[in-house]
Amino acid sequence: MKYTYKRGFYWLSVYIILALVPLIIAITGNIPEHRGFWMEFGVALGFIGFGVLCLQFVFSGRFRKIAPTYGMDNILQYHREMGIVAFIFILLHPAVIIVTDPGFISYFDPNVNAPRAVALVFVTLAIIVIIASSIWRLTFGLDYERWRLLHGFLSLAIIFIGVTHSIQVSHYLDPFWKKAGIGVLFLIYGYLILHTRITRPWLNKKKPYKIISVNPERGNCWTLTMKPEGHRRLDFFCGQFVWITIGPTPFSLQQHPFSIASSARDKTISLTTKEMGDFTSTWKDVKPGTRAFLEGPFGSFVPERGKNLFLIMGGIGITPAMGMLRTMRDNKDPRPAVLIYGNITWEDVTFREELEELTRQINLKQVHILEEPPEGWKGETGLVSKELLQKYLPDNPEEFMYFICGPEPLMDVSEIALKDLGIDWRLIYTERFEII
Ligand SMILES: Cc1cc2nc3c(=O)[nH]c(=O)nc-3n(C[C@H](O)[C@H](O)[C@H](O)COP(=O)(O)OP(=O)(O)OC[C@H]3O[C@@H](n4cnc5c(N)ncnc54)[C@H](O)[C@@H]3O)c2cc1C
């Protein structure tokens with residue numbers, strides 16, 4: 001799945017047009033008398049901020065048309081950055097208007113209109129809570145699930161208040177069709193949330209999986225293998241990921257993303273996790289026969305046909321690479337692959353024995369790099385660095401695709417190093433496991 005400028009411009013244009021829809025509705029047809037640049041500018045900021053905020057639900061909604069094109073981590077990064085842009089616009093909207101005409105401060109006065117004042121103060125506080133809880137989630141002791149719930153609820157409330165506010169003020173939305181337009185827009189975006197949280201899990205209910213084995217792996221990891229029950233296994237490309245819920249129902253707050261570690265040729269699907277927190281630490285106790293639900297596949301961390309593979313993986317970041325290498329083995333794929341695999345100790349190298357076997361089955365060169373090597377270790381030591389990557393970079397680097405997955409520092413160093421070493425950014429793919 002190639003990154004291209006053309007595709008980038010296409011999606012950017014679609015994004016800008018959709019973000020401007022509320023403003024376009026406001027300024028179409030008869031518009032009221034001009035009240036000076038700054039006043040109209042302040043109003044425009046509100047409509048644009050509202051449009052950008054609504055679009056945030058498209059990015060967090062895991063829509064497969066978008067996710068496979070750009071990758072989950074890039075989309076979430078964009079979601080984060082555009083969230084900040086939306087909030088700046090929304091906060092500037094009253095600020096610019098009030099500075100231009102201080103009389104508008106009355107909008108925040110409960111003696112003038114209590115519901116309106118409460119709603120506007122709520123929006124301001126909600127924005128502060130969303131930003132603070134996203135930056136300092138762990139400091140506040142919020143687990144990921146509760147944070148996600150709070151984040152979604154507050155964002156939806158802000159949008160709802162935004163719609164009500166613009167309809168109530170009505171300055172630019174006077175003919176009824178404009179109010180209806182803004183209302184319909186809200187319903188469409190509201191449905192996107194319902195689709196993600198209700199419709200999709202409901203459809204998924206008909207496609208359960210049965211966990212058939214739970215196996216320990218090196219490095220405090222566990223592999224769940226599951227088979228479809230009464231339906232065809234989902235189709236995926238190696239390197240992609242799914243969202244899994246474990247238990248009798250797909251309606252659960254505990255829905256987590258995992259890369260598919262098994263071969264795309266297998267009839268079953270395997271996911272491997274390292275014990276991290278409340279969800280992943282339950283895997284070792286899962287009983288074979290338990291139900292699971294998979295949503296997906298997602299992700300653009302997928303090798304192109306005809307391109308060789310240069311894999312830079314760290315720790316549990318090996319899972320998508322296992323999917324790729326196992327698929328190459330099953331397809332008898334002769335392409336060269338280089339695996340740079342960083343771990344702390346030799347004992348912790350997940351899939352160590354299988355990788356050894358894979359070097360005999362396919363054209364794989366593996367380079368282990370250990371932070372705490374055992375005595376007598378002759379391989380690479382320390383952390384992945386530009387020098388190390390340069391040492392193993394192939395002579396024909398443009399014929400390779402570069403995949404990076406692992407702890408954040410490894411990913412940052414490797415991405416920058418590859419670019420410094422002259423690798424075209426369009427050949428570099430990253431998959432970040434830590435979302436926030
Ligand atoms: C595309 C992708 C593929 C992944 N593949 C693997 C894999 O193959 N193996 C593996 O061990 N881990 C993988 N992860 C990470 C895995 O999803 C998290 O480690 C897991 O969700 C942690 O849940 P927890 O409750 O046990 O830990 P917690 O301590 O609650 O969370 C640890 C971190 O995991 C992330 N996280 C937690 N819950 C969620 C959620 N519901 N949705 C999204 N992120 C969440 C957050 O960044 C959080 O800070 C992947 C993540 C992504 C985004």
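Just follow the structure's listing: the first ligand is 1, and inside any ligand the first atom is 1. Numbers here are sequence positions counted from 1.
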For residues 409-422, run the donor-acceptor check on the side chains, cut-off 3.5 Å, and write out each pair with its distance to 0.1 Å, sequence neighbours left out.
residue, atom, partner, partner atom, Å
Asp412, OD1, Arg432, NH1, 3.0
Asp412, OD1, Arg432, NH2, 3.1
Ser414, OG, Leu410, O, 2.6
Glu415, OE1, Arg432, NH2, 3.1

Output the list of atoms in ligand 1 that are nearer than 4.0 Å to some heavy atom of [X], sorted by atom number.
{"X": "Thr319", "result": "7 (C), 8 (O)"}
{"X": "Glu434", "result": "47 (O)"}
{"X": "Lys274", "result": "11 (O)"}
{"X": "Phe279", "result": "24 (P), 25 (O), 26 (O)"}
{"X": "Ile316", "result": "9 (N), 10 (C), 11 (O)"}

Taking the six-membered ring for Trp and the single ring otherwise, decide whether the centroids of [X] and [Y] are under 6.0 Å apart.
{"X": "Phe241", "Y": "Phe298", "result": "yes"}
{"X": "Phe310", "Y": "Phe403", "result": "no"}
{"X": "His231", "Y": "Tyr209", "result": "yes"}
{"X": "Trp222", "Y": "Phe279", "result": "no"}
{"X": "Tyr429", "Y": "Tyr402", "result": "no"}

Next on the checklist: Applying salt bridge (Lys or Arg N to Asp or Glu O under 4.0 Å), can you list everything that pairs with Arg116, at least two apart in sequence or on another chain?
Outcome noted: none
Next on the checklist: Using a plain distance cutoff, I'd like to know if Gly277 has any nitrogen or oxygen under 3.5 Å from a nitrogen or oxygen of ligand 1.
Outcome noted: yes
Examine the proximity of ligand 1 to [X] and report which part, side chain or backbone, both or neither, has a heavy atom under 4.0 Å away.
{"X": "Tyr144", "value": "side chain"}
{"X": "Arg148", "value": "side chain"}
{"X": "Arg137", "value": "side chain"}
{"X": "Thr273", "value": "both"}
{"X": "Trp243", "value": "side chain"}
{"X": "Phe241", "value": "side chain"}
{"X": "Leu138", "value": "neither"}

Checklist entry - Can you tell which of Thr223, Asp278, Thr282 gets a heavy atom nearest to atom 24 (P) of ligand 1? => result Asp278
Item to check | Nearest candidate to atom 23 (O) of ligand 1, where distance is taken over non-hydrogen atoms, out of Met276, His256, Glu431, Arg432 | outcome: His256
Item to check | Carboxylate-amine/guanidinium contact Lys307 Glu399, below 4.0 Å | outcome: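 No, Lys307 and Glu399 are not salt-bridged.
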Next on the checklist: Regarding Glu357 and Arg329, does a basic nitrogen lie under 4.0 Å from an acidic carboxylate oxygen?
Outcome noted: no
Next on the checklist: Looking at Phe351, I'd like to know if the NZ or CZ of Arg326 sits under 6.0 Å from its six-membered ring centre while staying within 45 degrees of the ring's axis.
Outcome noted: yes
Next on the checklist: Tell me whether Thr272 reaches ligand 1 (any heavy atom closer than 4.0 angstrom to a ligand atom).
Outcome noted: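 Thr272: in contact with ligand 1 (<4.0 Å).
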